[in-house]
Each structure stands twice: as structure tokens, then as C-alpha cells.
Amino acid sequence: MKALITGASKGIGLAIAKRMAKEKIELILTSRNAIELESVKSEIQDEYHNLRIDCYTADLSHKQDIEKLAAEIYYHHSEINILVNNAGTYLRGNINDAEDGMLEKLMATNLYSAFHLTRLMLPLLRKHTPGYIFNMSSIAGLEPYPGGHLYCISKFALTGFSQCLREELMQDGIKVCTIYPGATWSDSWKGADLPIDRIMQASDVAEAIAAQLKMSPSAVIEEILLRPQLGDL
Ligand SMILES: NC(=O)c1ccc[n+]([C@@H]2O[C@H](COP(=O)([O-])OP(=O)(O)OC[C@H]3O[C@@H](n4cnc5c(N)ncnc54)[C@H](OP(=O)(O)O)[C@@H]3O)[C@@H](O)[C@H]2O)c1
């Protein structure tokens, strides 16, 4: 099995990469930072010595970068089994007060990245079924999050994309899952003065994803909603 994971250099994407490595799944990792990706690769290969891991840099908020990434993947890989659309960014701002251009940035990184990459990867995913697509939405893709309404708009759009994709691929042996995590420790929470047990671990999200891979071909986990035990922040 081979998985393409976006935003794999840190946080939730890194945890998913490590969890998939544990299942001996070969990895194609991407983010904008080549040094961080190489460090993730050697960290994982220290534990799983012979696991193939390929790293590619791309700014997924630019369609041309996504097309270049896809061309590199097609050149080096004849199939993929799992696509994790995880790359995303949080910017604080409401409809009322956000600076001009913020929504466009959020939509490019949080929605169009997944939309374009998925369309380009579908022929590779169709080669062997079952295939798996995971789209990293958020609790903020289900309900308004105070102070982050533009982020919510982009994640609601990703939720819509993911649910429509599920309908489109239902007959094709490709399982589509939308993930809605609540607050999860990552760089996004750097500097937050909160007790460690108030926020979920990135490995919790990764563990939930791993459950999908163990289902029989006739079952799909369509949605995964995770919250801190003590509720939303
Ligand atoms: N942490 C939470 O509480 C939480 C809750 C709900 C949902 N989420 C979602 O979960 C996903 C991962 O979040 P995280 O908290 O793990 O964030 P993170 O630690 O900031 O990691 C984000 C990852 O995405 C990559 N990335 C960001 N912008 C990119 C771009 N334009 N092109 C390519 N790669 C890009 C980053 O690498 P580079 O910066 O090097 O490119 C990094 O690998 C996001 O979609 C986020 O919205 C997070």
C-alpha cells in the first residue's frame, strides 16, 4: 500500500504518516519545506528501516504547484492507494473585520488544494481498489467558530467537497472519509497557555484514521468527529 499525505511535515499530518508507517504503508510526503520533510523521513526510517518514503515540496495554494507535484508523482509512482488531504492553515478573522484577501488565501489552501489534487490523483487511486481518501475538515467545518469565521467558511466548503466526493466515488470502490477534529496539539496552538490534557493529541486523529483501513471492503467510515474529552475550547 502507498499513501500520499499532504501537510506531512508536522502536526496531524506527521502523526498520520507515522501511524501509516506502522502499518508498513509506503509514504509520499509533501509540504512546502524540504528540510522538515527530510527530517521527518529520517525520523520514520530510523524506526522502519526499509520503508520507502518519497518527499516532494509544493505550495498547494497554487494550482501550478499542484500540477507539478502530480507530474512528479506520475513519473515515479504507478499507483497510490490512500490520499490524505490534510494540508491546511488557520487564520483568525470574521466576515466583519478580516483583512481583504484572507478568504481567498484560506480557500486556496484549505479547499482548492484538496479539490485539484484529488482530481489529479483519481486515475492513480482507481488502479487498485479499495482506495481511500481522507479529507481533513474540522469542527469549524460543521459549526461557526468564534473569531475564525473565514476559516469556518473554507472548512464548510471542504466538508461539502468531501461529502459530494463520497457520493461520486461510492460505486468505484474508493472510500471517502471526512474528518472533523476539535482542538488538537500542533503548531497552530503554539504559545497557548493550556493544560496538556485540554487538547487532543495528533496521534488520536491518526489512530481514528487507521480504523478505516481495517474495515471490510463493504464498509466505509464516512465521517470521524473527534473532540477533547472536556469539550471544545
Ligand atoms: N490542530 C487543530 O486543532 C486542528 C483542528 C481541526 C482541524 N485541523 C486541520 O488539520 C490539518 C492539519 O493541521 P495542524 O494543526 O496539524 O497544522 P500544522 O501543524 O500547522 O501543519 C500544517 C501542515 O500543512 C502544511 N501546509 C500549510 N500550508 C501549506 C501550503 N500552502 N502548501 C503545502 N503545505 C502546506 C504545513 O507545512 P509547510 O508550512 O511547511 O508547508 C504542515 O505540514 C489542517 O487542515 C487543519 O485545518 C487542525
Side-chain angles (χ1 to χ4, degrees), residues 4-19 27-41 43-44 55-70 72 83-92 102 104-117 134-145 147-148 150-159 161-162 177-192 194 196 198-206 208-209 223-228 230-233:
L4 165 57
I5 304 171
T6 71
S9 60
K10 55 183 96 142
I12 297 172
L14 170 59
I16 295 168
K18 287 180 174 171
R19 185 62 187 82
L27 301 172
I28 305 172
L29 308 180
T30 176
S31 80
R32 288 170 297 188
N33 188 316
I35 295 169
E36 284 180 357
L37 284 175
E38 282 307 315
S39 139
V40 164
K41 176 177 174 173
E43 186 188 338
I44 296 176
C55 301
Y56 303 99
T57 52
D59 183 340
L60 299 181
S61 65
H62 298 309
K63 190 176 178 191
Q64 303 92 307
D65 266 36
I66 300 173
E67 288 167 345
K68 193 167 151 270
L69 169 68
E72 285 182 292
L83 168 62
V84 185
N85 287 311
N86 166 75
T89 194
Y90 175 77
L91 297 172
R92 195 173 165 76
M102 187 187 284
E104 287 84 344
K105 275 186 207 153
L106 286 163
M107 292 296 282
T109 309
N110 295 349
L111 174 70
Y112 298 143
S113 57
F115 173 78
H116 294 308
L117 187 63
F134 297 93
N135 295 310
M136 196 60 66
S137 185
S138 167
I139 294 284
L142 289 172
E143 56 198 59
Y145 176 70
L150 299 197
Y151 175 75
C152 286
I153 293 170
S154 70
K155 287 295 185 180
F156 267 76
L158 183 69
T159 298
F161 160 73
S162 190
C177 177
T178 317
I179 306 158
Y180 310 98
T184 308
W185 274 115
S186 72
D187 278 6
S188 325
W189 290 94
K190 222 192 251 170
L194 290 162
I196 186 94
R198 189 62 189 84
I199 301 192
M200 292 184 294
Q201 299 300 311
S203 57
D204 294 323
V205 181
I209 283 182
E223 298 184 296
I224 299 174
L225 195 160
L226 302 106
R227 281 199 152 92
L230 293 172
D232 287 335
L233 287 169

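For ligands, and for the atoms within them, numbers begin at 1 and follow the listed sequence.
A donor-acceptor pair under 3.5 Å is formed between the side chain of T6 and the backbone N or O of N86.
In this structure Y151 satisfies the ring pair (Phe, Tyr, Trp, His ring centres under 6.0 Å) test together with Y90, sequence neighbours excluded. Partners of E38 by salt bridge (Lys or Arg N to Asp or Glu O under 4.0 Å), not counting sequence neighbours: none found. Take Y112 and apply the ring pair (Phe, Tyr, Trp, His ring centres under 6.0 Å) test, not counting sequence neighbours, and it matches no residue.
Of the N and O atoms on the side chains of S137 and T159, at least one donor lies less than 3.5 Å from an acceptor on the other residue.
Each of G7, A8, S9, K10, G11, I12, S31, R32, N33, E36, A58, D59, L60, S61, N86, A87, G88, T109, M136, S137, S138, Y151, K155, P181, G182, A183, T184, S186, D187, S188, W189 has a non-hydrogen atom positioned under 4.0 Å from some atom of ligand 1.
Shown here for T57 and N33, the closest heavy-atom pair between the two residues is CG2-C, 4.0 Å.
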